[in-house]
2 protein chains.
Amino acid sequence: MAERRSVRRSSRGGDNVTVQDLADAAGVSIASVSRALNNSVKVSDDVRRRVRDAADRLGYVPHAAARALASQSTHTIGAVVPTLENPNFAIGVEALQKRLTQAGYTLFVASCGYDMDQERQQVETLVTRGVDGIMLVGALHSTGLNDFLRSRNIPFVDTWVMSGDPRVPSVGFDNMAAAIQMTDFLLDLGHKNFGVIAGVTKSNDRAIARVKGIRKALKARGLPLKQERLIERPYRIVDGQLAMRALMTEKNRPTAVICGNDVLAFGAMLECQRQGIKIPGEVSIVGFDDLDFASQLVPPLTTINVPADKIGEAAADYLLAAIENRPNLLAPQISVNLIVRGSTAPPPDRPT
Amino acid sequence: MAERRSVRRSSRGGDNVTVQDLADAAGVSIASVSRALNNSVKVSDDVRRRVRDAADRLGYVPHAAARALASQSTHTIGAVVPTLENPNFAIGVEALQKRLTQAGYTLFVASCGYDMDQERQQVETLVTRGVDGIMLVGALHSTGLNDFLRSRNIPFVDTWVMSGDPRVPSVGFDNMAAAIQMTDFLLDLGHKNFGVIAGVTKSNDRAIARVKGIRKALKARGLPLKQERLIERPYRIVDGQLAMRALMTEKNRPTAVICGNDVLAFGAMLECQRQGIKIPGEVSIVGFDDLDFASQLVPPLTTINVPADKIGEAAADYLLAAIENRPNLLAPQISVNLIVRGSTAPPPDRPT
DNA sequence: TTGAAAGCGTTACCAG
DNA sequence: CTGGTAACGCTTTCAA
């Protein structure tokens, strides 16, 4: 038994304290040490105390890999988001992580740059890592991804969307409905001449759904969305600016511009400020997300509030419940709200 | 041998394919399978091919925990940042992750909310996880953190700072020097009346160093920084606004306001816009970080460019090198630059 | 180049 | 309640 230690291959300096060491120090079996450490019920207070003491004294640090191997559970969760540069996802991941930490889980984070193949790649890596659950963004994944995860019995949850399919748990909201609500709001204000600055719709079902919603709402009032009035751009300020510039060079300027998110809207507003175009006097601008700056802009931005932190927390709760086989709370629906602020008003009195 | 499988405790559905299975399928020993899978040189092409085929056919997914346990290396890195809500850190983490993925490493992310105790907690969790390296932000940690990591032989790197101590590897820059440069710039412009909106300095050595730099530069010109001219606030837009409001209510308004970062500066600018205070006509405002919106604001913000992505990449490179015992590249120094834009100008002609 | 076998640090089952 | 011990899935000597 003493031999055990000397045989170690360990190259690391700080000869790690093992359960075996604690057992020796506390004068109990390693089985008892394990039980004591894991708050198992079947341990006498005495043993528990002695083990805890030894652990503190020797500076014991559990070995997660060994634990995972033996228990078949890593207490680890993975998240794959398009990019952390979008504050929305950063906030969501942050909230997810906080919740997981509370529950004793650790989070792997990976980004895929809005690319389904990369997402698949990252997911496979996470599976190799033995994650107990995975958070994904959107419902649009590489073919077979869902089945792959299901076949391996790994709980996962789509976020920022609301899937119709009950087999696919999701924590989010109906992007199309939100876009419709926003468009209807502008329509009710009297706007008839629209411009849209959307996010890149490739591999992005949130962006797709939002454009679809806008189209649908307009169509319902007999207003088609002309090709040149729909500009698709990455979610960056400068792209919002350029898109707005393009939109405003037309002879028949739109009186309302719907942006795929607040970042794009911010860019659009800056362009107006630069050109001296009055908001909302000449053009109404709306965003999506309600990032912290939205309410502070001049004028403050009308947008859809998306509680990214709530999404992250709910995703954590769902995953944790699924992992522990708790009666699965119905995938919580996140409510998003139209926040009307100063960037919108009825269209100016001129023939459109 | 057949017995082995039936004894499994595995509760999971998707009976995972093991090295043993591949060995059976390929008709070789598990040792050979391991070698074939790990690109070991000592394998015949034939064996390699057969193993690879079997792996593909059976859908083999390696088991990281087992691999870690056997090889004493997890191919895992941990990062602890104050918060992902600060775009700077989000960008840094994103870059770190990308680089690590390329190298076959997976990233654990944790945030500590600018709290050293939480940071310590997170680090210990990561150590339990067996991470091969850790990225930290700042050089100010809970007492003994560095020794703890060193004693366990875990490479770590401080970021966003430049440590004097060569025993503490860091990837960053000299915050104080940058602040001095910025202050000198304003001083050279003719400003004598300063206001400072700093980040919360508790547990934040970047914020501390920046304030120190400002103080030092002012002092060198015989200008003290009065208590009421230094406002410390969390890094949020609204805090920048409120702080600016407080600064501008004084009878003797500052002609230059130095902000701890761009977010605070943005808030300060918004407040001026709201009050109709001209920038830079009446007051010059500067930030720190050069976030993407800085160059787009009206007027564009004078600030210090901090390449967060470079920091993340360099941190990854350093950690990887340290882990693989490669001749440690000297901790790379990140160069930050003063970016002069429209938010700064000489002070107005009035007695200050 | 290949195979056999000894671990890696824990957990969990089974007796006692 | 406690101890002994067989896994967990893989890597890595050590011989052949």
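Chain letters run A, B, ... following the sequence lines, proteins first, then strands; residues in each count from 1. Keep in mind the model is a prediction, meaning the values are calculated, not measured.
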Inset, instruction - Show your reasoning for whether salt bridge (Lys or Arg N to Asp or Glu O under 4.0 Å) applies to B/Arg120 and B/Asp117. - result: CA-CA 5 Å; B/Arg120 174 58 170 264; B/Asp117 293 329; over 6 Å; no
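- Sorted by first and then second residue, the salt bridge (Lys or Arg N to Asp or Glu O under 4.0 Å) pairs with a member in residues 90-103 of chain B read B/Glu94-B/Lys98, B/Arg99-B/Glu313, B/Arg99-B/Asp317; sequence neighbours excluded.
- Atom CG of B/Asn38 and atom C1' of C/dT2 are 16 Å apart (whole Å).
- For the pair A/Leu69 CG and C/dA12 P, the interatomic distance rounds to 12 Å; values are reported in whole Å.
- Here C/dT10 is the nucleotide among C/dT1, D/dC10, C/dT10 with the atom lying nearest to any side-chain atom of A/Arg67.
- For B/Asp205, the side chain to side chain contact (heavy atoms under 4.5 Å, CB included) criterion is met by B/Ala139, B/Leu140, B/Val161, not counting sequence neighbours.
- Within the structure, salt bridge (Lys or Arg N to Asp or Glu O under 4.0 Å) contacts touching residues 54-77 of chain A (residues at least two apart or in different chains) do not occur.
- Rounding to whole angstrom units, CG of residue A/Asp24 and P of C/dT10 are separated by 13 Å.
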What are the atom names and distances for every N/O pair under 3.5 Å that joins the protein to nucleotides 3-5 of chain C?
{"unit_1": "C/dG3", "atom_1": "OP2", "unit_2": "B/Ser29", "atom_2": "N", "d": "3.0"}
{"unit_1": "C/dG3", "atom_1": "OP2", "unit_2": "B/Ser29", "atom_2": "OG", "d": "3.0"}
{"unit_1": "C/dG3", "atom_1": "OP2", "unit_2": "B/Ser32", "atom_2": "OG", "d": "2.8"}
{"unit_1": "C/dG3", "atom_1": "N7", "unit_2": "B/Arg35", "atom_2": "NH2", "d": "2.7"}
{"unit_1": "C/dG3", "atom_1": "O6", "unit_2": "B/Arg35", "atom_2": "NH1", "d": "3.1"}

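- Under a 3.5 Å cut-off, the side chain of A/Ser170 and the backbone N or O of A/Ser163 do form a donor-acceptor pair.
- Distances shorter than 4.0 Å separate none of the side-chain N or O atoms of B/Ser71 from OP1 or OP2 on D/dT12.
- For the pair A/His63 NE2 and C/dG7 C1', the computed distance is 13 Å after rounding to whole Å.
- Put simply, A/Ser44 has a side-chain N or O that comes within less than 4.0 Å of OP1 or OP2 on D/dT2.
- With C/dC8, D/dC10, D/dC8 as the candidates, the nucleotide lying closest to the side chain of A/Gln72 is D/dC8.
- One atom, CG of A/Asp45, and another, P of D/dC1, lie 9 Å apart when rounded to the nearest Å.
- Scanning for salt bridge (charged side-chain N to carboxylate O under 4.0 Å, His left out) contacts around B/Glu119 gives an empty result, with sequence neighbours left out.
- The distance from atom CZ of A/Arg50 to atom C1' of D/dC1 is 13 Å, rounded to the nearest whole Å.
- One atom, CZ of A/Arg49, and another, P of D/dC1, lie 16 Å apart when rounded to the nearest Å.
- Each end of the helix from C/dT1-D/dA16 to C/dG16-D/dC1 yields a helix axis from five base pairs, and these two axes differ in direction by 30° (to the nearest 10 degrees).
- Listed by first then second residue, pairs satisfying ring-ring contact (aromatic ring centres under 6.0 Å, His included) with a partner in residues 132-162 of chain B read B/Phe89-B/Trp160, not counting sequence neighbours.
- Comparing C/dT2, C/dG9, D/dT11 by their closest approach to the side chain of B/Val43 singles out C/dT2.
- Look at CG on A/Leu22: it is 11 Å from C1' on C/dG9, rounded to the nearest Å.
- With sequence neighbours left out, the ring-ring contact (aromatic ring centres under 6.0 Å, His included) criterion links B/Tyr105 to B/His75.
- Under the salt bridge (charged side-chain N to carboxylate O under 4.0 Å, His left out) criterion, A/Asp46 pairs with A/Arg49, A/Arg50, not counting sequence neighbours.
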